Every structure is written in C-alpha cells, then in structure tokens.
2 protein chains.
Amino acid sequence: MAVKKTSTKRAALRRTGPARHKSFVSAEQVAERAGVSRSAVSRTFTPGASVSEDTRRRVMRAATELGYHVNHLARGLMRRSTGIVCLIVADVESPQTARMVRAITTRLQSVGKVAMMINISDPRDDAADALRQTLNYRADATVVMSGTPSQAIVRSCLDNGQRLILISRDDKIAGPHNIRLDNAAAARLAFAAFIRAGCRRLAVINSNLGTPSLTAREYAFVAQARAAKFEVTVIREGGMTSYENGLIAARRLFSAEQRPDGVFCVNDLLACGAMDVARKEFGLRVPEDVSFIGFDNMRQADWLSYGLTTFDQPVEEIADNVAALATENGTRRQPARVEILPKMVWRSSVRI
Amino acid sequence: MAVKKTSTKRAALRRTGPARHKSFVSAEQVAERAGVSRSAVSRTFTPGASVSEDTRRRVMRAATELGYHVNHLARGLMRRSTGIVCLIVADVESPQTARMVRAITTRLQSVGKVAMMINISDPRDDAADALRQTLNYRADATVVMSGTPSQAIVRSCLDNGQRLILISRDDKIAGPHNIRLDNAAAARLAFAAFIRAGCRRLAVINSNLGTPSLTAREYAFVAQARAAKFEVTVIREGGMTSYENGLIAARRLFSAEQRPDGVFCVNDLLACGAMDVARKEFGLRVPEDVSFIGFDNMRQADWLSYGLTTFDQPVEEIADNVAALATENGTRRQPARVEILPKMVWRSSVRI
DNA sequence: ACACGGTTTGCACGCGCGTGCAATATTCTG
DNA sequence: CAGAATATTGCACGCGCGTGCAAACCGTGT
C-alpha cells in the first residue's frame, strides 16, 4: 500500500510538477487512469499475456486518451531484442545503393524491425565508428554495405552476440554472415557477350577505389580475355565509381590511337558516363561502333538514352536474406555464406 | 556491503551462468574488473564528470579489455534525449530523395544524432504508423519528407514533447516546424524563362499524386501564363512523378496537333522521361524545337544526355536547418517556418 | 597538531518496462 | 454447495544507466 501511494504521488507530481516540461506518458500514468496495476498495462501491450477483456478495454481507453506509446527503449532493456537493425552505408546517393537501401528497409519493416542508417564518409573506411554506434544502440543486427570492417571490431560485435551481415564485402573476414555476388562469373559472361558481338578491342573501366568486388570484376574479365589471347586496356579513374569518373575515363580511352569496340564498366554509373562521352564527344554509335556492358542494373540503365546491357543485382533477394538472417534466433554454428549469380539483362548497348 | 556482494555475485553468474548466451557487457562488469564502483564507470563515459585520472585509466583499460560499449538505450531512459532522429520517407529510391537523405543523415551525424529511417509505401499515406514508431523509440525529433500526417497524430507527437519537422509539406498543419520551398516563385521564373526563349505553346507535366508542393508548381505556372494570355496544356500522368510517367505524358503531349515548344515538368524525373521521348521518339531537338525546365536539380540533370535547366533544392541548407531544429533545446513559442527560394540552374535545355 | 577547502568516491534511487510468483477472483465439476 | 481447476491480478525485482548527496580523501595553511 505504501508503495502504491508513493507511485501515485510521483505520477501526480509529473503532471502538475514544477518541471512543466512536456514529457512522454508512462505506463504508470495509464495504469492510474485506468484504475489498474501497471502490470496490467504491460500485459495489455504484450501479445499473448493473460489479461481479461474488461481490463484490456479500460487500459486501451486510458492509453488512447493519454496518448500512450510503449517505450521500445525500455522494452529493449528487458527483452533480448531491440528491433533495431543498423545499415552501414557510404554513398546513399548512388542509385544502386539507394535501390538496395529501399529494398532492405522495406523488407525489414515487414518483419517488425526498424532500420537505423549510419553514413560513413569513405568507403575504404574500416567503419569502426559506425560499428561502435551499432553496439551503443544494441542493434539486433548490423548490415554492412560499405567499408571494410577490421577484424578487431568484427570480433567485438560478434562477442557481444550481435548478428553481422556483410553485403558484397569480398574480403576474407571470419565470423559474420556474408551475402555476395559471383562477380567473376558475371565478368566472364560479359566477355563472352562481347566476343559473340564481334568485338575485338576490349577495355575495362574501373575506379581506383579498390573495393574487392569491383576488383574481382575487373580481374576476372581481364583474365578471361587474356586467356583467349585478347588485348584488354584497363583504365582506372578517380576515387569513386561515379558518372563523372566514367566521363574522364572514356575521354582517355577514346583519345588513344586504337579505340576499343567493347567496354566493360564495373558499374552502371561509369557506363553511363562512358557512353555519353562516346556518343556526344566522339560521335560514336552504340552499339554499332562500340558496345558497353555495365553492372548493377540501376534504374537509369533502362532509360531511353542508355538502354544499357548490364547485370542485375537482385536487391529483393538480397533483402530477403538480410531479413531472414536478422530475425533468426537459433544460434547457428556456421556463419551463412550466400552467393548469388547476377542475371544478365539484355538491352541495346551490345550488338547482337 | 551486502548490496556489493550480491551485485558481484550477479556479475559472476552472468559470465559462467547456465544461460551461456552471448550478451552485452555492462558497466557493472567493467567496474568489477577495474576494481571501482559502477558510478566511476558511468562518470568515465560522461563528459564533464568528476573522475581522477587514475581511475579513468583503469576503467578505460577494463572497458576495452571486456569490449564494453555504453548502452544508449538505457542512457536515453535517464537523459531527456535518445539521440535518435526519425526520417519518414516514401521513395528513398528516387534520386532527389536519396540526395536529401544523404545530406540530412550526414549532417545529423555531425551533431551527434543518428538517423532512423521509416519507409511508408504510399506518399498519400497519413504516416500514422510511421509516427507511432517514432514515438515508440522516443526519437528526439521526426523529419517528415513524405506523406501528409493527420492533425491527430501530429498532436500526439507534439503533446509528447517531440520535435516535428516537415519538409515540403505545404499542407496547412498547425504545430510542427516547416521547411518549404517557394514553389510558386520558381514556377513563375520558369514561365519567364520560356517567354524570353521565345516559346509560345506551353505545357506542364505533372502526376496525379496531388502533393501540395507539386500542385503549387503547376498552378502557379498556369496562373502566370494565363495572366499573360498564353495557352497552357496540362498533363497529369500516373500516380508517381517517375521517369516512366514522364515518358507516357510526353507521348500524349507530342501526339497532339499543336506540339508545345516549352514544357515545364514539376520534377526532374518527369523531365528526363519527357526529353527522351521528344528526342528519341519524335525526333525533336532540344532546345531548338522544344525547351524543357525541371525541378530538383537531381544529379542526372547534369548528365550529358540531358543538360536539364532546373531549380535546385538546396539540400545542404535544408539539412542545416533540420539539424538546428533537431538539436535546439530551448522551448520556443512559435514553430519555425523556413522558406527557401530555389535557385535556377541554367543548362542547355532552354534556348537563350 | 588541527582546521579547512577542494576533489574524488560510493551509495542509493529512479528512468519505463517485462515477467515470475503468489494471491485472489472466477468458473467448472460432481 | 464444497472443492478443484483455471483465469486474472498485483507485487516485487531487475534490465543498464545517470546523478544528487554525503562520506572519504587529499593537500595546504596555521
């Protein structure tokens, strides 16, 4: 009884106290108004708990009248799970990344999670600061889409029981789940497509970023071509795989004596830039004079001005995997390794 | 002394107990290892608190050894602020939205906040579910970039003392902060530009979305043109202001007997679609045969294939305002009303 | 030796919530 | 109608943390 009294006093104090600062409604205030114990309020908002229909109604009424909303932070303190999933990303503005973010956040919401987004400025960053944030907010899982986390911080996440999902991080890091694309296989398909189209002077456009997955595309293409006794010009331009660097790279490429007739770009942004230079600045026709193949299948690849043949990153499938890994509860022995073969999307930038 | 003992026992139990489930390290475990009280640990991680250099070092050592990370959720329970800012968005994949999201999340991080992203499926949604999430996580502030929140849920947020920032929501909602663009002024500038270019047959391309800001652009343009005795064709196509709807709208527009020679598109995506159709499907030259003006200044507007004259949404300035409003602590009497005049960006899609 | 001012430390409480346990209310069975 | 079985409720504790308060400590001056 004494306890009840003090609690009532506290609640009353909050409403009329000197602080007067607007504050969130607590379960205790709802309980007081509904004339029940605080437990009853908790149980009303806990699916499967034992509450009579009568008290549930009274609680709900009081809750809506007061504008009560369960505090997920406090709830996360009790339950094992906070419902938060962190997304670590370097370039949300890039069309492909945005596409992936959309797919993942939407999918996560549909399984009752909420996405927290953490930007890192440099894709080559080790993302340590970002992962620390992740730990600070006790995220159920962390999805790393950019950056190459160091072994130390990865260990820290894993030791704390946090699920870690790496997307397209081809580095050899032990522990976390991994979702990757078969970049090499795609690059070999690209080479085959150029040969079938009759291309003889091949080129690759990449950036100096040095991300493993981008490098894998370049290397596999070059290796396959060299094995078939083809010359390949490799151009790496700038620090990001941006449209602008595609422009610059193409200018260098087409200013050379021997102009290539088949250009593999490690992503679509570079490809769009390169195609624009080929057409607007060198008067070349695509695909008659030069063929292009990109990677990602970003929305713009399908625009009339480009019609870019490319490889689709199946973002929905990736999102499904992320959601599954983020919500699974049974502790598995082995980290998952999902490998997806990107499908080639034929458009009009390669001769047939 | 007795209390100390039980707490020690608890900590020991956690490490070797039967649960064996990996769990996060708590301040108590750090305290035990460092041989200090838990308060000392708290104070070590609280800037400005009184801790001697000696204990601070010992705490830090124990913390890194154990892999301790302050639980921001529990901290948010005590402090007034959780550090979370919610972003409510409908179409993260749209280039302009992605651009804004990048600017805002980056800016928020630089002032010590972290962004939580909530997707809503339909921009016409009232975003009630999303705002409830916001309240559940006790976000310090909520930024609404899409959707038109109903007065009821807005009230609920405000009553709970949550800051609410609306971006480009021109609806008349009382209470929240508002950051908007002067759409009407921009539209009038567009009209003036067309006239100076010698355009006589004007048109507007819009969607059926009916978002107030989009509608404002259309209406202001039409009103200005009518006032100057010009005919204006208005085409509204589809439910979203997408590239694809730009294609469809332009096909209708240029199939008419009287082809327009100046087209104002309420955003850049529509404009790119429309330009592509004009050039590829109707063989028109831009800007010789027809001029285009868009809105947003998304990255693609500057691509060689488009060179679109448009109005810049100053995302950095908007992000600055958001960060300022999200962090201010003094309770202000009046909600802020920021109005920004978008600057015209001249490229090559309008004759000069 | 003592007093005094300043710094550091530990205790204890509360933030808002979920949940095991025992007490109580309700329904069912014979 | 008694007694058992079940459904509901309240109590009390703990989740991990910040912080006011008083005790303990340290150095200096007399």
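Chain naming here is simple, since letters A, B, ... match the order of the sequence lines and numbering starts at 1 in each. Owing to the predicted nature of the structure, the values given are computational and were not obtained by experimental measurement.
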Rounding to an integer number of Å, can you tell me how far [X] [atom1] sits from [N] [atom2]?
| X | N | atom1 | atom2 | answer |
| --- | --- | --- | --- | --- |
| B/Asn71 | D/dG16 | CG | P | 8 Å |
| B/Leu73 | C/dG14 | CG | P | 22 Å |
| B/Glu28 | C/dG10 | CD | P | 14 Å |
| A/Glu32 | C/dC17 | CD | C1' | 17 Å |
| B/Leu135 | C/dG16 | CG | P | 15 Å |

Close side-chain approach of [X] and [Y], heavy atoms under 4.5 Å:
| X | Y | answer |
| --- | --- | --- |
| A/Ile84 | A/Arg138 | no |
| A/Arg33 | A/Val30 | no |
| B/Arg169 | B/Pro176 | no |
| B/Asn160 | A/Val25 | yes |

- [ ] Could you tell me whether the side chains of B/Arg107 and B/Ser110 share a donor-acceptor contact shorter than 3.5 Å?
- [x]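 Looking only at side-chain atoms, B/Ser110 and B/Arg107 do form a donor-acceptor pair, the distance falling under 3.5 Å.
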
Task: Of B/Ser37 and A/Leu77, the one whose closest DNA chain C nucleotide lies more 5' - done: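 Comparing both residues, the 5'-ward one is B/Ser37.
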
Open item on the list: Determine whether a donor-acceptor pair (one donor, one acceptor, N or O, separation below 3.5 Å) exists between the side chain of B/Arg43 and the base of C/dG10.
Closed with: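 Present.
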
Task: Contact list for DNA chain D against residues 54-67 of chain A - heavy-atom distance below 4.0 Å - done: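 Those residues are A/Thr55.
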
Choosing from [options], which nucleotide comes nearest the side chain of [X]?
| X | options | answer |
| --- | --- | --- |
| A/Ser42 | D/dG16, D/dT9, C/dC17 | C/dC17 |
| B/Ser52 | C/dT8, D/dG18, C/dG16 | C/dT8 |
| B/Ser26 | C/dC17, C/dT19, D/dG16 | D/dG16 |
| B/Met78 | C/dC15, D/dT19, C/dG18 | C/dC15 |
| A/Val36 | C/dT19, D/dG10, D/dC17 | D/dG10 |
| A/Ala74 | C/dG16, D/dG10, D/dT19 | C/dG16 |

If you compare every side-chain N and O of [X] against the phosphate oxygens of [N] (OP1, OP2), does one of them come in below 4.0 Å?
| X | N | value |
| --- | --- | --- |
| A/Ser39 | D/dT9 | no |
| A/Arg75 | C/dG18 | yes |
| B/Tyr137 | C/dG16 | no |

Open item on the list: Can you tell me which residue among A/Arg163, A/Gln162, A/Lys113 is in a side-chain hydrogen bond (donor to acceptor under 3.5 Å, both in side chains) with A/Asp140?
Closed with: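 Exactly one pass, corresponding to A/Lys113.
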
Open item on the list: Could you measure the distance from the OG atom of A/Ser50 to the CZ atom of A/Arg56? Nearest 0.5 Å is fine.
Closed with: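 Separation between the atoms: 9.5 Å.
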
Open item on the list: Over all strands shown, is A/Phe45 touching base, sugar-phosphate only, or nothing at heavy-atom distances under 4.0 angstrom?
Closed with: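 If one applies the 4.0 Å heavy-atom cut-off, A/Phe45 turns out to touch nothing in the nucleic acid.
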
TODO: Remember a base hit wins even if backbone is also touched, and classify B/Val51 as base, sugar-phosphate or nothing at under 4.0 Å, heavy atoms.
DONE: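 Sugar-phosphate, backbone atoms only, no base.
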
Task: Donor-acceptor contact present, side-chain B/Gln109 to main-chain A/Ile118, <3.5 Å - done: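 No; zero donor-acceptor contacts below 3.5 Å.
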
Task: Pairwise 5' ranking along DNA chain D for A/Ser50 and A/Arg38, keeping only the more 5' one - done: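 Residue closer to the 5' terminus by nearest nucleotide: A/Ser50.
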
